[in-house]
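Since the model is a prediction, treat every value here as computed from it, not as a measurement.
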Amino acid sequence: PPASVNYIPVGKLSLESTLDKSSGNIGDNFTLTIIIAGDANLRPLSLPEFPKETENDFRIYRDAPIIETEVISGRIIFTKTFKVALVPSR
């Protein structure tokens with residue numbers, strides 16, 4: 001893994017991402033939701049930083065991630081949800 005990655009979860013995982021709008025104007029708020037779920041410990045997992053050039057085009061606001069656990073067939077399943085507000089600045 002790259003040196004910037006300090007944690008890689010091991011297990012069977014699923015990834016889902018959605019953007020709440022497909023178009024908008026400068027100053028509109030878009031919410032990017034990323035959900036990772038599986039039988040790996042997701043507590044230490046964090047999203048990487050956005051590329052620096054993204055900061056020229058968007059103001060970026062990250063919510064605190066939400067982590068949930070449940071037991072299914074004797075296995076602990078983690079679900080971690082990340083939400084990021086993206087506001088176009090140009």
Side-chain angles (χ1 to χ4, degrees):
S4 61
V5 175
N6 59 8
Y7 176 75
I8 298 175
V10 176
K12 186 174 182 181
L13 301 173
S14 66
L15 172 69
E16 175 186 338
S17 65
T18 58
L19 191 61
D20 69 334
K21 298 177 205 164
S22 60
S23 64
N25 297 306
I26 293 173
D28 287 351
N29 181 54
F30 293 80
T31 301
L32 172 63
T33 302
I34 299 170
I35 301 171
I36 303 171
D39 60 0
N41 178 9
L42 298 178
R43 284 187 213 108
L45 183 68
S46 60
L47 290 180
E49 293 299 315
F50 284 88
K52 287 290 182 194
E53 54 272 7
T54 305
E55 295 174 6
N56 295 328
D57 298 322
F58 293 92
R59 292 191 311 272
I60 301 168
Y61 305 95
R62 294 172 180 250
D63 287 355
I66 298 169
I67 190 156
E68 300 171 286
T69 59
E70 62 181 319
V71 177
I72 298 175
S73 299
R75 299 187 72 126
I76 299 173
I77 304 299
F78 290 85
T79 302
K80 194 162 191 177
T81 303
F82 299 92
K83 289 197 177 214
V84 181
L86 303 168
V87 181
S89 55
R90 58 178 171 163

Hphob cluster co-occupancy, [X] + [Y], side-chain heavy atoms under 4.5 angstrom:
{"X": "V71", "Y": "I67", "answer": "yes"}
{"X": "V84", "Y": "V87", "answer": "no"}
{"X": "I66", "Y": "I76", "answer": "no"}
{"X": "L45", "Y": "L32", "answer": "yes"}

So do the side chains of L42 and L13 get within less than 4.5 Å of each other, counting heavy atoms only? yes
Minimum side-chain heavy-atom gap I36-F78 below 4.5 Å | no
At what distance, to the nearest 0.5 angstrom, does [atom1] of [X] lie from [atom2] of [Y]?
{"X": "T54", "Y": "I60", "atom1": "OG1", "atom2": "CD1", "value": "5.5 Å"}
{"X": "I35", "Y": "T33", "atom1": "CD1", "atom2": "OG1", "value": "6.5 Å"}
{"X": "F58", "Y": "F50", "atom1": "CZ", "atom2": "CZ", "value": "9.0 Å"}

For residues 59-87, the side-chain hydrogen bond (donor to acceptor under 3.5 Å, both in side chains) pairs (sequence neighbours left out) are D39-R75, R59-Y61
Tabulate below the donor-acceptor pairs under 3.5 Å that side-chain atoms of residues 14-27 make, not counting sequence neighbours, or state none.
residue: D20; atom: OD1; partner: T31; partner atom: N; Å: 2.8
residue: K21; atom: NZ; partner: N29; partner atom: O; Å: 2.5

